[in-house]
Amino acid sequence: QVRLVESGGGLVPAGGSLRLSCAASALPVSRYAMGWFRQAPGKEREFVVAVSGSGGSTRYADSVKGRFTISRDIAKNTLYLQMNRLKPEDTAVYYCATTSRANYYYSGPPATDGAYDSWGQGTQVTVSS
């Protein structure tokens with residue numbers, strides 16, 4: 001059974017940085033598309049960034065372009081989200097997700113949460129103003 005475990009969240013002042021990790025088990029991160037989503041209090045879950053199974057295609061939400069970077073460590077089977085120049089509006093619970101659909105190996109990864117079928121428990125990111 002696929003298991004995703006996020007870590008790295010915390011409290012950071014505006015303009016600061018954090019790196020989130022998502023350790024995967026029972027699923028190679030080098031084969032399936034993976035993504036990050038977030039959910040702020042009182043709001044719906046929203047897409048942040050995703051990477052294709054091959055690693056050759058990424059998709060970013062406009063709100064995080066130029067500030068956030070997704071990456072993978074194949075040896076550690078771990079997905080990362082480097083977040084720089086954080087803003088108070090980035091405050092949310094961040095979730096890692098993966099899809100078992102093989103058609104996202106080369107093609108652009110999906111940006112809709114319905115396309116993902118395994119989720120982590122989430123990690124809280126709070127950015128103070």
Side-chain angles (χ1 to χ4, degrees):
Q1 184 172 350
V2 175
R3 185 164 181 247
L4 303 174
V5 179
E6 302 97 333
S7 61
L11 174 64
V12 63
S17 299
L18 278 176
R19 188 178 79 157
L20 305 183
S21 300
C22 173
S25 59
L27 177 138
V29 300
S30 60
R31 186 175 296 178
Y32 298 99
M34 298 189 72
W36 290 95
F37 288 76
R38 66 187 181 186
Q39 187 167 22
K43 296 187 177 180
E44 293 187 354
R45 186 165 57 192
E46 66 173 359
F47 170 76
V48 178
V49 59
V51 59
S52 64
S54 69
S57 179
T58 55
R59 191 192 301 266
Y60 287 84
D62 289 342
S63 59
V64 306
K65 279 181 182 176
R67 300 188 299 122
F68 291 11
T69 304
I70 192 170
S71 64
R72 308 178 306 177
D73 186 324
I74 304 304
K76 294 182 178 179
N77 211 40
T78 299
L79 180 74
Y80 298 101
L81 178 63
Q82 177 67 43
M83 304 186 294
N84 298 326
R85 303 200 312 274
L86 283 160
K87 304 175 181 180
E89 51 264 42
D90 295 318
T91 295
V93 177
Y94 283 71
Y95 298 92
C96 168
T98 187
T99 173
S100 59
R101 302 179 190 182
N103 54 308
Y104 294 117
Y105 183 77
Y106 289 113
S107 65
T112 54
D113 57 4
Y116 294 83
D117 44 39
S118 296
W119 294 81
Q121 84 288 350
T123 185
Q124 176 71 48
V125 171
T126 303
V127 184
S128 61
S129 57

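Treat the numbers as computed from the prediction; the structure is a model and nothing was measured.
- Taking CZ of Arg45 as the start and CZ of Phe37 as the end, the distance is 7.0 Å to the nearest 0.5 Å.
- For Gln121 against Leu4, the heavy-atom pair with the smallest separation is OE1-O, 3.6 Å.
- Contact check on Asp90 versus Lys87 returns no salt bridge, with no Lys/Arg side-chain nitrogen under 4.0 Å from an Asp/Glu carboxylate oxygen.
- Glu6 places none of its side-chain heavy atoms less than 4.5 Å from the side chain of Tyr94.
- Tyr80 and Val5 fall into different hydrophobic clusters, defined by Ile, Leu, Val, Met, Phe, Trp and Tyr side-chain heavy atoms under 4.5 Å apart, directly or through other members.
- Side-chain contact between Leu79 and Val51 is present, with heavy atoms from C-beta onward closer than 4.5 Å.
- The residues Asp117 and Arg101 are annotated as not salt-bridged, no charged nitrogen and carboxylate oxygen being separated by less than 4.0 angstrom.
- Tyr104 places none of its side-chain heavy atoms less than 4.5 Å from the side chain of Ser52.
- In this structure the side chain of Trp36 never reaches within 4.5 angstrom of the side chain of Phe68, judged on heavy atoms.
- In this structure the side chain of Pro109 reaches within 4.5 angstrom of the side chain of Ser57, judged on heavy atoms.
- For the pair Arg38/Val64, a side-chain contact is recorded, criterion being any heavy-atom separation below 4.5 Å from C-beta on.
- Using a 4.5 Å heavy-atom cutoff, the side chains of Val48 and Tyr95 are not in contact.
- Looking at Thr91 and Gln124, their side chains come closer than 4.5 Å, going by heavy atoms from C-beta outward.
- Ala111 approaches Arg59 most closely through the heavy-atom pair CB-CD, 3.6 Å.
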